[in-house]
Asks: 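Mind looking over this structure? Questions follow.
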Amino acid sequence: DQQVKQNSPSLSVQEGRISILNCDYTNSMFDYFLWYKKYPAEGPTFLISISSIKDKNEDGRFTVFLNKSAKHLSLHIVPSQPGDSAVYFCAATSNTGNQFYFGTGTSLTVIP
Amino acid sequence: NAGVMQNPRHLVRRRGQEARLRCSPMKGHSHVYWYRQLPEEGLKFMVYLQKENIIDESGMPKERFSAEFPKEGPSILRIQQVVRGDSAAYFCASSPQVGGQPQHFGDGTRLSIL
C-alpha cells in the first residue's frame, strides 16, 4: 500500500536549469509534507517542508508546491548545481501521526 | 547527518544469529523512529518509541523483531534468528516532538546476512 508515490525513478538536468521533482499521495489525512535528500551511504537529510495550510514554501534555491485537490506536490530546484545530485525522497504525515510515509525516491543527476 | 548516531554502520550476520542495532537520538529529542530500506525501495516505517515506551509498532514484523528505548542509553532494534530477507539498511530518526516536525536521520546500519 504505497501512499506516497514518486513515479520518476531518475531525472537528469543541465547545470543552471530548473529541476522539478514530483510526488503524489493518496491519503487525504496527510497534512504535512517533506522533502529529504540522500547521498549514498548516508541517511536522509531534511531539505524543506510544507504544511497543508500553504500551497508554497521557499527556501533559497528550493521551493515546494502543494496542490491539495490533486494530492500532488513538487520540489523545484533553481538553479540546479552538480552538488544537488542525490536521491530525493518525498514524505508525508499527519500532524497527529507517528510515522512518515516515504516515496521510493527520484535520483537527480545535475550535469555540469 | 549531525546528531543522530547509529552503530554499527555495517553489520554482518549468519542466518540464525541475532542482530542488535543501536541508535542515540539527537540531544533534546525524546522521540525515536526506526525505518527499513530494502534495495530499490523507499524507507518503510517500523516502530516509534519514546523513553521506555513503544508508541506505535505497526510496521514491525510480528516475529523475531523487537525494539526498546530505555531510560538510559540508546534505542536498540533487535532482530533474532536473522534470515537473508532481513538484509537491508536500517535507519533511525529522532524528533523533539511528534507530528508536524521533521525527523532527523542517522546514517543507518547496513545489515548483511550471509
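Throughout, protein chains are lettered first and strands after them, A, B, ... in sequence-line order, and every chain is numbered starting at 1. Since we're looking at a predicted model, the values are computed, not measured.
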Asks: Among the options B:Glu41, B:Arg9, B:Arg110, pick out the one with the most heavy-atom pairs lying under 4.5 Å from chain A.
Replies: B:Arg110
Asks: For A:His76, what residues pass the ring-ring contact (aromatic ring centres under 6.0 Å, His included) criterion, not counting sequence neighbours?
Replies: A:Phe65
Asks: With chain B, which of A:Gly105, A:Ala41, A:Ser49, A:Ser51 has the greatest number of heavy-atom pairs at distances under 4.5 Å?
Replies: A:Ala41
Asks: Counting only heavy atoms closer than 4.5 Å, note whether B:Gln6 contacts chain A via side chain, backbone, both or neither.
Replies: neither
Asks: Do you know the tightest heavy-atom contact between A:Pro44 and A:Tyr36?
Replies: CB-CD2, 3.7 Å
Asks: Taking only residues two or more places apart in sequence, or in another chain, which ones meet A:Phe62 in a ring-ring contact (aromatic ring centres under 6.0 Å, His included)?
Replies: none
Asks: Taking the six-membered ring for Trp and the full ring for Phe, Tyr or His, determine whether the centres of A:Phe33 and A:Tyr25 are under 6.0 Å apart.
Replies: yes
